[in-house]
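Everything below concerns the one structure shown next.
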Amino acid sequence: MRSIEVEEMFDKRRSALILVGHGSTLNPDSSAPTFQHVDEIIRRDAFAEVHGAFWKEEPSLREVLYMVESDHVYVVPNFISEGYFTETVIPRELELSGPISHRMGKTIGYCDPVGNDPRMVDLVLQSARRVAPHVPADQASLLVVGHGTSLNEKSAEATLRQVREIRRKGWYAEVEEAYMEEAPFIADWRKNTSHHYVIVVPFFIADGLHSYQDIPVLLGIEPEPTVAASHQEVFRRNPHRLDGRELYYAMAIGSEPSMADIILDTVDRFQQKHSSETAPQTGESRDIMVAWEECQRGEAASLLRDRKLQA
Amino acid sequence: MSNDELRELIQAGYHAIGELEFAETPDGYRLYHRRDRHSLSETTVLRSPEDARQVAKYDRSGAYRPLKGAPNLPSGWRLELPDLNALRRALDYFYPAALGTWRAFREKNARVVSLRRTLDRQTGMYRIAQKITTEQAENLVQKFCSSDGCCLRTILWGIEPDRPSVFLSRSKSDPSVDQTGEGRRIIPYLCLEGCNLLVGAARKVVLAQRKTEASPF
């Protein structure tokens, strides 16, 4: 890439941001966190333009580039993990060829999903504390719940990363992972947790059918899913008393106000990483990026090893 | 579409899109539902482009409205917007990418994709939609995308890459036609390729057929 092009691309005020959410054809609340962050980033005047785009809502990933005026575009997946959507669906629908693509006369930078940010673990802990402020952590099991899918093993990897990090802090008596579509399954929480207090935090961006209906049914705190998709009653009935235990069920973490900072930092990291590919960088920022990438690689490899051992 | 381009359109006499109409006022721009054209003083005043997002989210009965081209926008409101930028944003919330796709179409930069190509790139739960036949797809689109109650977009694509979309009425593929039937001079809401909802509906057609074939009765 020519250096002048790099310079222009790295000027956020002359670039567009597209924040990509999953969206839903059934649940009106699914796109809310993405639009919340779009509004906040517009308010901060950080980019020339900011758009939300969705897999299952409009504007679609196929159409959003027609809305963009700027020549340089950053795409940030508002997704909790790398996986099927970030590696297959989004690049395919936007026709991206790698971290930097050229399409429709625009240069498009494809950033990491927001869930890769190291502060996600803080959001999980905040959520756990908010839903069960009086529960002593040293007597509680914390269950971090992810989607998990056979389509891509990285989906569960991100959840396990949070679990390992929280375990390392040693605050909770027990920290476990559980998934909707792969083992260890959410429905087995009774045997996979051992303490009286159980705090369940969905490691999801948006509250929706999964957090309103599917997970509560799997946990046994709701009967079959019959309520309207946008009902949030399930979060207001804590604690749920089941089999002599107290279960606290938290909301998804993607609506936290600090997510806007995380999105902007995600773009900064992309800039730092790819400017180092084209122009020599000096000093601290390069060292930080090298350390960050090594840390990510090491963590991913170690997580994969763990999962294979467990399997 | 830039603000200047939108200004030029307004000056050229374009004041309608989908179910909406807009007009210049001494204080900026007014955007409203066509049904409120003669009773604007009785409507609720909204002032932010983001209000458009909320209005567009639910239909007249309060049900979620996932398809923005559906002809069921609620009426009874008007947006008083301070400038062209706010009008453009509000229009983008009501009819996402309509302004941009139309500009690309006029500049011959719009890329139209046949339904077959859209289906062929699907993976995961939507992969099975690839099995829909041409005839099934034509029947589906005629019902699912009809301007009469389903979607006001102007369809530019066909089912198969090498065949014209003769299964649709000419008016459904003509960007100069007001899909509400009112005959206004409109900014069209173009459909350059089948949406996720249509892909989902194609999947259901294939699944239903498999179920029928598997049934002993």
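Lettering follows sequence order; numbering is per chain, from 1.
- Interface with chain A: from residues 188-195 of chain B, residues B:Tyr189, B:Leu190, B:Leu192, B:Glu193 qualify, criterion being any non-hydrogen pair under 4.5 Å.
- In this structure, the side chains of A:Glu93 and B:Asn196 stay at 4.5 Å or more apart for every pair of heavy atoms.
- In this structure, chain A has no heavy atom under 4.5 Å from any part of B:Tyr95.
- In this structure, A:Ser24 and B:Tyr64 approach most closely via the heavy-atom pair O-OH, 2.7 Å.
- Distance check, rounded to the nearest 0.5 Å: CD of A:Glu58 to CZ of B:Arg65 gives 9.0 Å.
- The closest side-chain heavy-atom distance from B:Arg111 to A:Arg62 is below 4.5 Å.
- Taking every heavy atom of both residues into account, B:Tyr58 and A:Pro28 meet most closely at OH-CB, 3.5 Å.
- Atoms CZ and CE, from B:Arg89 and A:Met67 in turn, are 11.0 Å apart once rounded to the nearest 0.5 Å.
- With a threshold of 4.5 angstrom between heavy atoms, A:Thr25 approaches chain B through its backbone and through its side chain.
- The minimum heavy-atom distance between A:Glu63 and B:Pro96, with the atom names listed, is OE1-O, 4.0 Å.
- B:Arg88 does not touch chain A: none of its heavy atoms, backbone or side chain, sits under 4.5 Å away.
- Proximity to chain A among residues 77-85 of chain B is not found for any residue, judged by heavy-atom separations below 4.5 angstrom.
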